[in-house]
*Asks:* 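Take this structure first; my questions come after.
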Amino acid sequence: GASLYQELNDDGDYLTLTFNSNFRPDKGDNNTNTKYTENGISSNILTLNHQDNKRASINSIFNYNKKLADWDANIFTGFQYTRESRNVDYEFLNNIDDSGYEFSQFRRQLYAGDVYSGRIDFEKKLNENYKLELGTSFTKAETTTDNITDFAAVKAPEFFNYFFKESNTGSYVNLSTEKNKWNFKAGIRMETTSAKGFDNILKDTTLSRNAVDWFPNAEISFQQNKDYVYTLNFRKTISRPGYGNLSSGGLYGSPYIEYVGNPNLIPTYTNTLSFNTSLKKWSVNASVYTSKNPMGYTLVYDDEKNISKFTLINFDKEIGASLGVDVPFEWKIWSSQNSMSVNYGKTEDSLALIKKSTPYLYIYTNNTLKITKSFSLLMDGSYISKRTEGLYENNAVCAVNFGITKSVSDFDFTFRYNDIFKQMNYIQNMTYDKIISTGNFYGNTPTISVAVKYNFGRLEKSSYKESSVNETSNRL
């Protein structure tokens, strides 16, 4: 990758060009163990997946900032292009009741997405106490999925060829004012979205949506003095599903389960009311939220194929609340940053079994022991208690990480050992539609890492500036 930043004058005008790309090949094997029982007859199936994955991405950004001195204003213009491609070959073999591995199927999945985006932001100070912000943006995305499943001589191959495109335009206006120790901000954003999905095998438009959405926001803050600040904020936001989830085909896991995308996903809308206060070095925060159409993973049973599909779907609604505190601590050679919060969440759906939700505790701590000027011990950890959140039941998880840093001349050496107690196993229970499921996600794989950094010397403060144009680029 490369970046170019050029200050055009002393008034604050600048130009930025950035380009980066990467290619990530990944070849390996995945294994699935399936225990299947029907009408009292049980089978044990081992599925071996030989995988050859080639993934590449391109990202380029253009920024231009112009200060309008005569207007006491500033204008920013930006463009961004992002591309992601993923070509994967899968070969699946099944071993049923220790009879030996036999070829099941071969799958080739080709996925590519291009996203173009641009924005213009205008900011003007109306007078000493008032500031106006307004702007407009656009995003255009196109993704293509081309999959083939080959069963050799068992049956005819299956094809999936899907084209998805979405365009989004938005405009916003914000007004802020300061008076004495008070600060007020309010604004609104309007977005229009058009989305279409076309099945190239069936020659049919399977998805066509158009929407207009409004997103208000407001904030009030009071600064009693430099140590005590209180802020109350309300905002409505939107979270759209990833393009890959909307357009990808299925990934075979075993004869009775597949991982599939969901072209019927719709955005999640969330209203959040939050309060934050800074009390010298302490910080206290509280929030409540409600979400419509929250997204989550679950198993969905397909009667026709007698198979369970693990997929991302929209549930009916979600509510939640939290109360937290951030506390720094210093004593002699020991310094730490600590966070603790009490949380409550509830996700509901008409097809799910809803259980009574329970509050849960989250704790995080990051500690440094500075033994000498050039030698330090590091330890950080997190804990989240067992909890029920409507249709979800989750286990408690505690993770502890250890590290050492040592400086020698111009070299910095860092050693880290993560999850030293092997506790990162995530277990989630839920009942949705016809399926009672328990998901075990094994993350207890301790990692040892060593890093070496060489310091070439002191660098004067950089004036480099770069702003992302597409705020939803993670959807790709």
Side-chain angles (χ1 to χ4, degrees), residues 22-37 42-57 84-113 145-160 162 242 244-245 247-262 297-300 302 305-312 397 399 416-419 422-428 435 437-450 476:
N22 63 63
F23 175 71
R24 299 185 294 279
D26 182 14
K27 182 179 292 187
D29 293 339
N30 294 324
N31 297 277
T32 304
N33 187 355
T34 304
K35 296 180 180 180
Y36 183 79
T37 302
S42 299
S43 296
N44 187 69
I45 305 167
L46 300 177
T47 302
L48 175 61
N49 169 14
H50 298 303
Q51 175 181 289
D52 187 0
N53 187 346
K54 299 180 180 66
R55 185 178 178 183
S57 64
E84 181 87 18
S85 64
R86 185 171 64 250
N87 302 335
V88 194
D89 291 338
Y90 302 100
E91 183 185 26
F92 297 94
L93 302 97
N94 289 323
N95 180 357
I96 303 175
D97 295 328
D98 296 322
S99 61
Y101 282 101
E102 294 184 1
F103 174 81
S104 172
Q105 56 188 262
F106 173 83
R107 295 194 179 194
R108 171 166 292 166
Q109 299 186 346
L110 308 178
Y111 167 79
T145 304
D146 187 7
N147 298 345
I148 180 173
T149 303
D150 189 347
F151 302 94
V154 178
K155 62 178 180 178
E158 296 178 355
F159 299 92
F160 178 78
Y162 189 78
N245 287 316
S247 59
S248 64
L251 170 62
Y252 181 89
S254 79
Y256 302 103
I257 189 169
E258 279 191 340
Y259 301 85
V260 298
N262 183 0
Y297 284 94
T298 188
L299 284 168
V300 178
D302 187 329
K305 294 184 177 181
N306 187 30
I307 194 170
S308 298
K309 296 181 177 180
F310 189 75
T311 187
L312 187 66
V397 177
R416 286 192 64 85
Y417 186 9
N418 292 338
D419 191 22
K422 302 182 180 180
Q423 295 296 305
M424 291 182 65
N425 285 339
Y426 305 93
I427 303 174
Q428 186 178 86
I435 296 181
S437 64
T438 298
N440 292 276
F441 305 93
Y442 299 105
N444 59 340
T445 52
T447 304
I448 296 175
S449 62
V450 177
L476 191 60

*Asks:* Between CG of Asn31 and CG of Leu48, what distance do you get to the nearest 0.5 Å?
*Replies:* 5.5 Å

*Asks:* Quick one: list whatever passes side chain to side chain contact (heavy atoms under 4.5 Å, CB included) with Val300, sequence neighbours left out.
*Replies:* Thr298, Thr311, Ile313, Tyr432

*Asks:* Between Tyr101 and Leu46, does the side-chain contact (heavy atoms from CB on, under 4.5 Å) criterion hold? Intermediate values first, please.
*Replies:* CA-CA 8 Å; Tyr101 282 101; Leu46 300 177; 3.7 Å; yes

*Asks:* Please name the pair of heavy atoms, one in Thr37 and one in Ser42, separated by the smallest distance, quoted to 0.1 Å.
*Replies:*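 For Thr37 versus Ser42, the nearest heavy atoms are OG1-OG, 2.9 Å.
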
*Asks:* Nearest 0.5 Å please: distance from the CZ atom of Phe151 over to the CD atom of Glu158.
*Replies:*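 It comes to 4.0 Å.
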
*Asks:* Nearest 0.5 angstrom please: Asn49 CG to Ser254 OG, how far?
*Replies:* 11.5 Å

*Asks:* Does the plane of the ring in Tyr36 sit parallel, tilted or perpendicular to the ring in Tyr256? Use 30° and 60° as the thresholds.
*Replies:* parallel

*Asks:* How far apart are the closest heavy atoms of Tyr111 and Gly244, and which atoms are they?
*Replies:* OH-N, 3.4 Å

*Asks:* Determine the minimum heavy-atom distance between Ser99 and Ile96, stating which atoms define it.
*Replies:* OG-O, 2.7 Å

*Asks:* Between Tyr90 and Gln105, is any pair of side-chain heavy atoms under 4.5 Å apart?
*Replies:* no

*Asks:* When rounded to the nearest 0.5 angstrom, what is the spacing between CD in Glu258 and CG in Leu251?
*Replies:*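 These two atoms lie 8.0 Å from each other.
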
*Asks:* Would Gln109 and Arg107 count as a side-chain hydrogen bond (donor to acceptor under 3.5 Å, both in side chains) here? Give the steps.
*Replies:* CA-CA 6 Å; Gln109 299 186 346; Arg107 295 194 179 194; over 6 Å; no

*Asks:* Taking side chain as C-beta onward, heavy atoms only, is His50 less than 4.5 Å from Leu93?
*Replies:*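 Side chain of His50 against side chain of Leu93, heavy atoms only: contact under 4.5 Å found.
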
*Asks:* What closest approach, in Å, do Ile45 and Pro255 show between heavy atoms, and which atom pair accounts for it?
*Replies:* CG2-CD, 3.9 Å

*Asks:* So, Glu84 and Arg24, do they make that salt bridge, N to O below 4.0 Å?
*Replies:*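 So Glu84 pairs with Arg24 through a salt bridge.
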
*Asks:* Quickly, which of Phe310, Phe106, Phe92, Tyr259 forms a ring-ring contact (aromatic ring centres under 6.0 Å, His included) with Tyr252? Name it, please.
*Replies:* Phe92

*Asks:* Spell out, as yes or no, whether a donor-acceptor pair under 3.5 Å connects the side chain of Asp97 to the backbone of Asn44.
*Replies:*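 Between the backbone of Asn44 and the side chain of Asp97 there is a qualifying donor-acceptor contact (under 3.5 Å).
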
*Asks:* Is there side-chain contact between Ile427 and Thr438, with heavy atoms separated by less than 4.5 Å?
*Replies:*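 Yes, side chains in contact.
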
*Asks:* So, taking the atom named CG in Asp419 and the one named OG1 in Thr447, what distance separates them when rounded to the nearest 0.5 Å?
*Replies:*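 Asp419 CG to Thr447 OG1: 8.0 Å, rounded to 0.5 Å.
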
*Asks:* Would you name the heavy atoms of Ile257 and Ile307 that are closest together and state the gap between them?
*Replies:* N-CG1, 3.5 Å

*Asks:* Please find the pair of heavy atoms, one from Asp29 and one from Gln51, that lie closest to each other, and give the distance.
*Replies:*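 Scanning both residues completely, I find the closest heavy atoms to be OD1-N, 4.4 Å.
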
*Asks:* CG of Asp89 to CG of Leu110: how many Å apart, nearest 0.5 Å?
*Replies:*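 These two atoms lie 8.0 Å from each other.
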
